[in-house]
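So the structure is just underneath, and the comments pick up after that.
Numbered from 1 within each chain, the chains take letters A, B, ... in sequence-line order.
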Amino acid sequence: MRIESIIQEAVLEAIKALYDAELNPLQVQLQNTRKDFDGDVTLVVFPFLRLSRKSPEITAEEIGNYLQEHVDVVEAFNVIKGFLNLVINKDYWLNTLSEVYTDGKFGTALAEENSELVMVEYSSPNTNKPLHLGHIRNNLLGYSIAEIAKANGKKVVKTNIVNDRGIHICKSMYAWQQWGNGKTPESSGMKGDHLVGEFYVEFDKHYKAEIAELLEKGLSKEEAENKAPSIVAARELLRKWEAKDPETVELWKTMNSWVYEGFDVTYKNLGVDFDKIYYESETYLVGKEEVLRGLAEGVFYKKEDNSVWADLSADGLDQKILLRSDGTSVYMTQDIGTAKMRFNDYSIDKMVYVVGNEQNYHFQVLAILLDKLGFSWGKDLYHFSYGMVELPSGKMKSREGTVVDADDLMDQMTEVARKMSEELGKLESLSGEEAEKTFRMIALGALKYFILKVDPRKNMMFNPEESIDFNGNTGPFIQYTYARIQSVLRKAADKQIAIDSKLEIETVSEKEKELLKRLSLYPAVVKEAGENYSPAVIANYCYELVKEFNQFYHDHSILGVDDPAVMNFRLVIASAVGKVVKSGMNLLGIEMPERM
RNA sequence: GCCCCGGUAGCUCAGUUGGAUAGAGCAACUGCCUUCUAAGCAGUAGGUCAUGGGUUCGAAUCCCGUCCGGGGUACCA
């Protein structure tokens with residue numbers, strides 16, 4: 001049982017016994033005792049003054065006496081102003097450590113038959129260009145919150161909605177037809193998604209030139225944008241596609257297949273995966289049907305130009321378009337269709353959409369629309385809204401090529417990891433293949449940790465130069481400490497030193513107790529991360545834990561201790577720290593190397 | 001205009017349901033490799049928590065105003 005729960009219960013008892021009052025458990029405010037005071041857990045007594053009608057000091061004294069007398073684990077206490085510092089006895093901390101060491105799944109739960117089913121949608125790429133840094137944040141967050149949900153005992157389905165149709169892909173198709181000369185991934189040696197992305201940029205270049213030309217001829221900006229030959233041709237392709245023109249559909253299939261091959265490589269390198277993939281080309285018609293049903297049922301209305309709308313003014317929002325005047329579907333239409341298909345396929349209890357915060361309004365509307373269409377789960381959808389990734393040079397614009405490409409970034413970071421390792425003379429004992437794997441692990445650890453350690457809701461700054469940092473509060477620092485722990489454990493095994501979970505030790509130093517306290521916090525951290533959908537909570541916890549261990553590690557020798565009980569105790573700490581950190585980093589999708 | 005989010009050290013970020021003297025890392029400066037991995041450790045310096053008010057025993061945290069930044073805002077996704 002966690003110390004907070006024990007004390008909380010006891011305080012409720014104490015208040016009843018001393019002041020004959022019933023208390024809401026939430027009024028019991030406990031916190032870690034500050035390092036400069038004696039004690040482990042601190043109770044704030046200010047809220048009780050009304051009940052005791054005594055000074056803070058006397059109230060704290062009375063409660064302290066009661067707790068010391070009635071609670072086994074409370075060994076002593078002291079009072080400073082309105083703060084009651086409780087000293088918890090050694091046995092409690094040793095028992096906790098044993099538990100961490102023995103319990104292979106400490107802090108994480110397994111899904112059971114009746115567990116809640118959570119579906120997490122993330123990634124959701126367009127098929128006209130490769131993945132970039134913004135997608136990386138999305139993918140890492142999506143993967144991580146899915147893993148965290150699992151660790152909290154939820155059943156999880158990871159899903160991806162691929163936006164495989166629409167004007168954007170037609171632009172790439174048109175450019176390929178015009179200027180591609182039959183180029184393929186095989187003939188060019190390019191990754192499929194990069195090749196298609198190149199044509200998307202190519203399209204935009206021509207399109208812009210055409211607009212400029214038309215503007216010179218005296219057309220208005222709007223006219224020019226609508227009458228440029230390229231865009232007209234792309235629209236024609238979209239029309240043909242919707243009319244199922246065989247040649248167009250064939251080209252669409254071919255180019256999309258190139259992109260998927262490329263995406264598969266990127267996903268694999270990034271270490272993310274999906275249980276079920278939906279394609280917009282298969283869901284948008286379902287969405288259209290639903291909108292028409294809503295129209296027939298009078299939930300939506302039609303304007304004179306035949307466009308279909310929802311009136312959300314009763315919900316404090318505006319009018320929202322659902323079908324264009326030409327009958328084609330918009331973004332919202334397909335999301336309605338996808339949602340319907342998903343809830344038909346799975347018995348979903350909670351739907352989580354990992355999508356950037358520029359779409360907050362979209363998901364607010366989607367929830368209301370689904371509700372209006374009679375889907376009971378509509379109101380409960382959760383939009384996991386994360387902030388944008390900014391660069392020192394400003395914003396990323398895919399059309400202008402000012403993006404940080406996902407594949408390039410991973411490769412570059414691997415290069416830096418390799419160079420750094422060589423300079424430091426690390427990993428020389430490993431084979432080329434093993435070393436290569438480790439470089440990749442370190443590079444991705446750095447990238448993932450850098451992105452996941454910040455609060456997902458906030459915009460974050462990504463400086464490519466500074467982010468490739470392997471010192472300080474970084475993934476590699478945590479991996480490094482882990483590798484050293486494994487090294488110590490290997491050496492212990494070599495020396496035939498057995499590790500015993502039974503701890504018989506006279507005294508526990510302050511530093512060691514700090515570590516034990518922090519270890520015992522892990523289950524609460526996993527829970528908090530799950531409730532707040534925040535991988536950052538786990539990242540920062542792991543850093544603190546590892547940092548504290550490092551300090552301990554420098555001040556104390558583990559293997560060079562004469563007293564076997566002390567050596568065993570330290571080995572158990574090292575092993576427990578290793579386990580917890582590995583578990584935590586796993587929830588972030590970060591692998592831990594055995595040596596580095 | 002209206003709506004949403006943010007502002008903490010030079011930079012990047014933490015900061016527990018309001019609690020004691022606001023914390024890390026980077027960058028700068030100083031020490032420490034005959035001792036389990038120096039991708040490390042110890043130390044110095046760096047703050048009007050954007051700003052003005054309010055709530056109370058107590059505010060970076062809650063409420064209101066102002067300034068600055070980002071996003072959204074009816075036929076892009």
Could one point to a donor on the side chain of A:Ser421 or the base of B:rA39 with an acceptor on the other under 3.5 Å away?
->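 Result: at least one qualifying N/O pair found.
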Using only heavy-atom distances, decide whether a donor-acceptor pair under 3.5 angstrom links the side-chain of A:Asp326 to the base of B:rC75.
->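 Answer no: no donor N or O sits under 3.5 Å from an acceptor.
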[atom1]-based separation of [M] from [N] [nearest Å]:
N: B:rA9; M: B:rA77; atom1: C1'; value: 40 Å
N: B:rA42; M: B:rA24; atom1: C1'; value: 16 Å
N: B:rC2; M: B:rG58; atom1: C1'; value: 37 Å
N: B:rU44; M: B:rC68; atom1: P; value: 40 Å
N: B:rA20; M: B:rG15; atom1: P; value: 15 Å
N: B:rG25; M: B:rA39; atom1: C1'; value: 14 Å
N: B:rC63; M: B:rG19; atom1: P; value: 15 Å
N: B:rG7; M: B:rA60; atom1: C1'; value: 11 Å

Classify [X] by what it touches in the nucleic acid, base, sugar-phosphate, or nothing, heavy-atom distance under 4.0 Å.
X: A:Glu358; answer: sugar-phosphate
X: A:Lys426; answer: base
X: A:Lys320; answer: nothing
X: A:Met460; answer: sugar-phosphate
X: A:Leu322; answer: nothing
X: A:His556; answer: base
X: A:Arg595; answer: base
X: A:Thr328; answer: nothing

Where does B:rC67 land, syn or anti, given syn is within 90° of 0?
->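 With its glycosidic angle more than 90° from zero, B:rC67 counts as anti.
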Matching residue for A:Leu84 among A:Thr42, A:Leu43, A:Leu30 - test: side chain to side chain contact (heavy atoms under 4.5 Å, CB included) |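 Passing option: A:Leu43.
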Please assess A:Ser123 against A:Asn139 for the test side-chain hydrogen bond (donor to acceptor under 3.5 Å, both in side chains), listing each intermediate value before the final yes or no.
-> CA-CA 5 Å; A:Ser123 201; A:Asn139 281 286; 2.8 Å; yes
Listed nucleotide nearest any side-chain atom of [X], set [options]:
X: A:Asn459; options: B:rC75, B:rG70, B:rU37; result: B:rG70
X: A:Val330; options: B:rU37, B:rG70, B:rA77; result: B:rA77
X: A:Asn126; options: B:rA77, B:rA38, B:rG25; result: B:rA77
X: A:Glu390; options: B:rA77, B:rG70, B:rA74; result: B:rG70
X: A:Ser325; options: B:rC75, B:rA39, B:rG72; result: B:rC75

Quick check: [Y] with [X] (ring centres under 6.0 Å apart)?
X: A:Tyr200; Y: A:His168; result: no
X: A:Phe477; Y: A:Phe470; result: no
X: A:Tyr353; Y: A:Tyr382; result: no

Just the rounded figure in Å: distance from [atom2] of [N] to [atom1] of [X].
X: A:Leu323; N: B:rA74; atom1: CG; atom2: P; answer: 18 Å
X: A:Ile573; N: B:rC36; atom1: CD1; atom2: C1'; answer: 15 Å
X: A:Leu571; N: B:rC36; atom1: CG; atom2: C1'; answer: 10 Å
X: A:Arg490; N: B:rC36; atom1: CZ; atom2: C1'; answer: 11 Å
X: A:Phe470; N: B:rA39; atom1: CZ; atom2: C1'; answer: 9 Å
X: A:His554; N: B:rC41; atom1: NE2; atom2: P; answer: 6 Å
X: A:Ile478; N: B:rG40; atom1: CD1; atom2: P; answer: 12 Å

Test A:Gln334 against A:Asn163 for side-chain hydrogen bond (donor to acceptor under 3.5 Å, both in side chains), laying out the working first.
-> CA-CA 9 Å; A:Gln334 64 111 348; A:Asn163 299 303; 3.2 Å; yes
Mind checking what makes salt bridge (charged side-chain N to carboxylate O under 4.0 Å, His left out) contact with A:Glu528, not counting sequence neighbours?
->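 Checked A:Glu528 against salt bridge (charged side-chain N to carboxylate O under 4.0 Å, His left out); zero matches.
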So, does [X] use its side chain to make a donor-acceptor pair with the main chain of [Y] at under 3.5 Å?
X: A:Tyr543; Y: A:Lys453; value: no
X: A:Gln479; Y: A:Glu591; value: yes
X: A:Ser575; Y: A:Leu571; value: no

Under 4.0 Å between a side-chain N/O of [X] and OP1 or OP2 of [N], yes or no?
X: A:Asn471; N: B:rG40; result: yes
X: A:Ser557; N: B:rU35; result: no
X: A:Arg324; N: B:rA77; result: yes

In terms of the nearest nucleotide of RNA chain B, which residue is placed more toward the 5' end: A:Tyr331 or A:Gln551?
->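 Comparing both residues, the 5'-ward one is A:Gln551.
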Which stems, defined as runs of 3 or more consecutive Watson-Crick or G-U wobble pairs with both pairing distances under 3.5 Å, involve RNA chain B?
->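 So the stems come out as B:1-7 with B:67-73, B:10-13 with B:23-26, B:28-32 with B:40-44, B:50-54 with B:62-66.
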Could you check A:Glu548 against A:Tyr553 for side-chain hydrogen bond (donor to acceptor under 3.5 Å, both in side chains), going step by step and ending with a plain yes or no?
-> CA-CA 9 Å; A:Glu548 242 159 42; A:Tyr553 172 93; over 6 Å; no
Contact string for nucleotides 14-21 of chain B, one letter per nucleotide 5' to 3', B = base within protein heavy-atom range under 4.0 Å, S = sugar-phosphate only, - = neither, reads S--B-BBB
Polar contact flag, side-chain donor to acceptor under 3.5 angstrom, A:Ser5-A:Gln8 =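 Note: A:Ser5 and A:Gln8 side chains miss the donor-acceptor criterion.
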